Amino acid sequence: MIPFEYSMGLSAVLFGLGVVGVLVRRNVIVLLMCVELMLNAVNLAFVTVADHLNSVEGLLYVFFVMTVAAAEAAVGLAIVVCLYRARRAVHADEISLLKG
Amino acid sequence: MTFSMADMRLLTPHLVITAAALLVLLAEAVSPGRRKGYLPYLGIAGIVVAAFTTPGLFGPARSGFSGMLAGDAFAAFVYFILYAVGALTLLVSDAYLRDEGRDHAEYYALVLLALVGMMLMAGATHLMSVFLALETMSIAIYALAGFFRDERSAEASFKYFILGAFSSGFLLYGIALLYGACGTTEIQGILDAFASNRALAGSPMALAGVGLVTVGFAFKVAAVPFHMWTPDAYQGAPTSVTAFMATGVKAAAFAAVLRVFFVAFQTLHVDWSGVLWVLALLTMTLGNLTAIAQTDVKRMLAYSSIAHAGYILVGVVAGTPEAGAGILYYLLAYAFMNIGAFACLIMVGRKGHENTELDAFAGLGFKFPALGLAMSLFMFSMAGIPPTAGFIGKFLIFKAAVHQGYYWLTIFGVLNSAASVYYYLRVIVTMYFKPEPDTPVVEGLRAGPSMALATILAGLGVLYFGIVPGGLVDLAEQALRYLV
């Protein structure tokens, strides 16, 4: 049996990695992957809490989050394709038409 | 878990609008030839039908779907704000999209589906349904922002998407931590958990949860320092979508903020009000200062929307039903004046050229008197000059803040409001006191009957609720009575 704190700690670390990834990585595909990592860290937290509280709710939420993540990835990749067609760029620093 | 007919009653407006969205998609497929000019009006008809099913929700608070969705006066009030936003957006979009050659059924369907998400957000009484509603709304709007598929639109959409997904990650992690700390994610349940267990308010997990939820919402309402996406997303998106994002998303997000902070985190007011105090001050000040430096009216309105989020945050800090009613009033007033202003921006553009630089407005006040009058009215209202709805909204919020003893925040708010007059009036000055250049930038207006109707409705809303706000304020106060 893995202690509650360990699993929550792991989920916090994964979430932190995702956040840092979004902030420092520049390839838009990697940005998408980092966002997915954040959502999966949340899933781990939900499962851990559900196990800790002996409640089934948290397990249900994981399915919600997975569904939303899939929908988000579908629209996100479509936007990236659209952006690539318009700009021929997948590097976040090159996506800088709008500023000021 | 069983659903009764009483539960379905709470969901009727949402179902009607979803049906309208599907009907719009279907109608395009079966329309003979290329006739699809009626599609936005089909959507508006759906919104009108939904509006007729809504008044039944005013009255004692009910909750359905095992505590996931509320049917109370608060939700109903926000639904009406959202109906106004949705109908005006569809009216404004019609001529604009046809001119740009992008009048596809998907656009109207996405607006309606985003509207359903916004309504669910206003009615959600469970953090998980807040999250699902937020995503329903956001995913539709990511697609809308990129609807023109040119470089700017795609870039706006991408920036909105990445920051939106990033922020929902924060919100969701906050929800997971609150679930761990309180053992529930129902808004009423969280209130009970914090009220019954004093030690919980000091637990790191609960505080981290509250903090992350705050960050998630701060991104959505574009509060400084979580506002970086706003100017780019607002400037690059199709103008009608910008109007929809600035008003609808703001109304829905603040409705959820009110429910979460005024109900679930009620007992923690001392903890979060300090953080939001700083956020409100930063948001107002930075929004206004940056707006002053802009030379593009569309981008200026994006920064001004950040400043307006700051004023509304002052009301959240105050945390009383009085302030909540002021916020509801402000959201409606902001919907009218902002959609009106963006409608004027659409009118000066032509296919492929938005003409939103400030210089393009030179001399337009005399060349197109009706446009000049409308734009001036909306700018006055945003600056908060009586007798417009914008003035009453600011007055109600600042009054509530003073009643709670937030004198300094109110003083900063009023000073900010005074500073904002500069850049709003600059548009009016350019329109009336600068001569038109020898080669006119704007030769004709992109105005059709629907655009004129939308602008007139928005203008009437700004004036009517500015001159006789009483009835609306009473309704807003009634809406808040059942919330807190």
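Sequence lines set the chain letters: A, B, ... in the order given, protein chains first and strands last, and positions in each chain run from 1. The figures here come from the full heavy-atom set of this structure, side chains too, leaving out hydrogens, waters and symmetry mates. In this text the structure is predicted, and so the values were computed from the model without any measurement.
For A:I2, the CD1 atom counts as loosely surrounded, since its 6.0 Å shell holds 12 or fewer non-hydrogen atoms of other residues, nucleotides or ligands. Counting heavy atoms of neighbouring residues, nucleotides and ligands inside a 6.0 Å radius, atom CZ of B:R149 does not exceed 12 of them. For A:F4, the CZ atom counts as densely surrounded, since its 6.0 Å shell holds more than 12 non-hydrogen atoms of other residues, nucleotides or ligands.
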Practice prompt. Decide side chain to side chain contact (heavy atoms under 4.5 Å, CB included) for A:Y61 and B:I175; before the verdict, give the C-alpha distance in whole Å, the side-chain angles of both, and the deciding distance to 0.1 Å.
Written response: CA-CA 10 Å; A:Y61 300 158; B:I175 295 174; 5.9 Å; no

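When all heavy atoms are compared, the tightest approach of B:Y173 to A:A45 is CE1-CB, 4.1 Å.
Residues A:I79 and B:Y160 form no side-chain contact, since every pair of their non-hydrogen atoms from C-beta on lies 4.5 Å or further apart. Looking at heavy atoms from C-beta onward, A:V65 lies in side-chain contact with B:M128 at the 4.5 angstrom threshold. With a 4.5 Å cut-off on side-chain heavy atoms, B:S138 and A:E72 do not count as touching.
Taking 4.5 Å as the heavy-atom cut-off, the residues of residues 47-54 of chain A that approach chain B are A:V49, A:A50, A:L53, ordered by number.
Proximity to chain A is limited to the side chain of B:L132, based on heavy atoms less than 4.5 angstrom apart. For B:A208, no part sits under 4.5 Å from any heavy atom of chain A, backbone or side chain. Both the backbone and the side chain of B:F166 come within contact range of chain A, with heavy atoms under 4.5 Å apart. For chain B, the nearby parts of A:A12 are the backbone and the side chain; heavy atoms of each come within less than 4.5 Å. With a 4.5 Å cut-off on non-hydrogen atoms, B:E151 touches chain A through its backbone and its side chain both. B:F170 touches chain A through backbone and side chain together, each having a heavy atom under 4.5 Å away.
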Exercise answer: donor-acceptor pairs, residues 31-44 of chain A side-chain atoms, under 3.5 Å, sequence neighbours excluded:
residue : atom : partner : partner atom : Å
A:N40   : OD1  : A:N43   : ND2          : 3.4
A:N40   : ND2  : A:E36   : O            : 3.2

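Annotation: the span from B:F147 atom CZ to A:C82 atom SG amounts to 11.0 Å, rounded to 0.5 Å.
Between A:F46 and B:Y179, the ring-plane angle classifies as tilted under the 30° and 60° cut-offs.
Between chain A and the residues B:T185, B:T295, B:D296, B:L172, the most heavy-atom pairs under 4.5 angstrom are made by B:L172.
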